[in-house]
Amino acid sequence: MYGKKGKATSELQRYRMHVKAGDTVQIITGKEKGKVGQILKTYPKVSKVIVKGVNIRTKHVKPQQEGESGKIVTFEAPIHSSNVMHYSEKEKIASRVGYILSEDGRKLRQLKKTQEIID
């Protein structure tokens, strides 16, 4: 990361992400645009997420021991959190998130278009 006047800073800027693990999201940009999946893991320090079934990569793995054969492993690579948007399964529409307070004082996440509560 860069600070003042283009000098590199050692500390990473941690951003608060709008998604959590387990949320259903839709990809809104890139080659996977339009795909829907569930978030498996989040990386808040780099603001990236892993979505199930999206951004599949293949890796060729060499054999580790003698006599063992190599493998081709497929896995989901992380994508930036700004490229995903919450998705309503009922209404089949992507929406932004707002926050409301419940009667017992808890802060809940709510989809803006459908008024559906996520938490």
State, to 0.1 Å, how close [X] and [Y] come at their nearest heavy-atom pair, and which atoms those are.
X	Y	value
Arg109	His18	NH1-O, 3.7 Å
Arg57	Ala77	CG-CB, 3.6 Å
Glu91	Ser88	N-OG, 3.3 Å
Glu76	Ile50	CB-CG2, 3.7 Å
Val84	Ile28	N-CG1, 4.2 Å

Spell out, yes or no, whether [X] and [Y] are grouped together once hydrophobic residues are joined by side-chain heavy atoms under 4.5 Å, including indirect joins.
X	Y	value
Leu40	Val46	yes
Tyr87	Val51	no
Ile39	Ile79	yes

So, taking the atom named [atom1] in [X] and the one named [atom2] in [Y], what distance separates them when rounded to the nearest 0.5 Å?
X	Y	atom1	atom2	result
Ser95	Gln115	OG	CD	8.5 Å
Lys48	Met17	NZ	CE	11.5 Å
Lys92	Gln26	NZ	CD	11.0 Å
Glu32	Ile56	CD	CD1	7.5 Å
Lys59	Lys71	NZ	NZ	11.5 Å

Answer yes or no: is there a side-chain heavy-atom contact under 4.5 Å between [X] and [Y]?
X	Y	result
Ser81	Ser47	yes
Val36	Val25	no
Ile100	Ile117	yes
Leu101	Leu108	no
Ile72	Val61	no

Please confirm whether Lys107 makes a cation-pi placement over Tyr99, using NZ or CZ under 6.0 Å from the six-membered ring centre and within 45° of the ring normal.
yes

Within the 3.5 Å criterion, strictly below it, is a donor on Thr74 or Thr58 matched to an acceptor on the partner's side chain?
no

Passing option when His86 is tested against Thr24, Asp23, Thr114 for side-chain hydrogen bond (donor to acceptor under 3.5 Å, both in side chains)
Asp23

Met85 and Arg96: side-chain contact (heavy atoms from CB on, under 4.5 Å), yes or no, with the steps?
CA-CA 7 Å; Met85 191 178 232; Arg96 282 184 292 195; 3.8 Å; yes

